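What follows is a short report on a single structure.
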Amino acid sequence: AQKITQTQPGMFVQEKEAVTLDCTYDTSDPSYGLFWYKQPSSGEMIFLIYQGSYDQQNATEGRYSLNFQKARKSANLVISASQLGDSAMYFCAMREGVQHTGNQFYFGTGTSLTVIP
Amino acid sequence: DSGVTQTPKHLITATGQRVTLRCSPRSGDLSVYWYQQSLDQGLQFLIQYYNGEERAKGNILERFSAQQFPDLHSELNLSSLELGDSALYFCASSTPSGGTDTQYFGPGTRLTVL
């Protein structure tokens with residue numbers, strides 16, 4: 001089974017609208033971390049947001065928020081007020097196990113987001 | 001700019017050859033991770049080093065090896081190169097001091113094997 005599943009290969013959103021990028025994960029470890037990264041066409045990987053498995057609150061970073069539904073094993077990224085510069089590939093990732101103990105990291109296949117003016 | 005540097009940016013070589021990719025982590029980061037990003041395999045975790053010691057191993061081929069030096073820079077060695085090794089190789093680093101183990105990625109080295 002895939003550890004990280006991103007079911008939306010491509011998404012379109014109107015500028016200034018909000019968009020949700022889906023991510024589901026699979027682990028039996030009670031300790032894990034979830035990450036979202038952005039990869040623009042230039043190729044670099046940019047960290048956006050982190051959610052720990054024991055975090056009670058959904059993570060937020062500026063226009064990014066993570067809709068963490070533990071029972072459903074989903075960690076959807078919500079981008080509010082989309083901007084043209086948000087057009088990029090978005091990757092969901094998971095670290096399995098307690099952090100800093102020598103962990104496996106898994107990335108999803110990504111969602112290509114296009115923001116339409 | 002993440003603070004992680006990788007050299008070279010581009011590398012073109014032939015099948016059967018050996019190459020070395022270099023990574024310098026962010027100042028203060030002790031962990032270095034290597035990833036391979038290819039069109040068919042996506043982003044694959046290869047290996048992690050922490051303060052000079054191998055900490056975790058992912059989908060790293062036996063033809064590939066890595067090490068982290070006392071100054072914390074790391075090198076990924078790829079040998080007996082095949083066409084399928086053509087990919088973008090990322091290095092990332094993180095710090096163990098509190099907080100999360102968020103990885104900050106370098107700009108990558110694009111390897112083309114002809």
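Chain A is the first sequence line, chain B the second, and so forth, proteins listed ahead of strands; every chain is numbered from 1. In this text, all values refer to a predicted model and were calculated from it rather than measured experimentally.
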Could you see if [X] belongs to whatever hydrophobic cluster contains [Y]? Use Ile, Leu, Val, Met, Phe, Trp, Tyr and a side-chain cutoff under 4.5 Å.
X	Y	value
A:Phe35	A:Phe68	no
B:Tyr89	B:Ile47	yes
A:Ile4	B:Leu39	no
A:Val13	A:Met11	yes
A:Leu77	A:Met94	yes

At a heavy-atom distance under 4.5 Å, which candidate from B:Glu54, B:Gln37, B:Gln48 has the highest pair count against chain A?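 Most pairs with chain A among the choices: B:Gln37.
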Within the supplied structure, the quantity of interest is the number of heavy atoms (other residues, nucleotides, ligands) at a distance under 6.0 Å from [X] [atom1]; does it exceed 12?
X	atom1	answer
B:Arg55	CZ	yes
A:Gln69	CD	yes
B:Leu114	CG	yes

If I compare all heavy atoms of [X] with all of [Y], which pair ends up nearest, and what's the gap?
X	Y	answer
A:Met45	B:Leu43	CE-CD2, 3.7 Å
B:Tyr35	A:Phe105	OH-CB, 3.3 Å
A:Gln104	B:Phe45	OE1-CD2, 3.5 Å

To the closest 0.5 Å, what do you measure between CG (A:Asn103) and OH (B:Tyr33)?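 The OH atom of B:Tyr33 is 7.0 Å from CG of A:Asn103, to the nearest 0.5 Å.
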Applying side-chain contact (heavy atoms from CB on, under 4.5 Å) to A:Gln39 and B:Phe105, what does each step give before you reach the verdict? CA-CA 11 Å; A:Gln39 187 176 36; B:Phe105 282 72; over 6 Å; no
Counting only heavy atoms closer than 4.5 Å, note whether A:Tyr37 contacts chain B via side chain, backbone, both or neither.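 Just the side chain, heavy atoms under 4.5 Å.
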Which region of A:Gln51, side chain (C-beta onward) or backbone (N, CA, C, O), has a non-hydrogen atom less than 4.5 Å from a non-hydrogen atom of chain B, or is it both or neither?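 It is neither, since no heavy atom gets under 4.5 Å.
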Does anything in residues 56-78 of chain B get under 4.5 Å of chain A by heavy atoms, and if so which residues?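 Answer by number: B:Ala56, B:Lys57, B:Gly58.
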Mind checking side-chain hydrogen bond (donor to acceptor under 3.5 Å, both in side chains) for B:Thr102 and listing every partner two or more places apart, or none if nothing turns up?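 Expected list: B:Thr100.
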B:Gln44 versus chain A, heavy atoms under 4.5 Å apart: side chain, backbone, both or neither?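 Neither the backbone nor the side chain of B:Gln44 comes within 4.5 Å of chain A.
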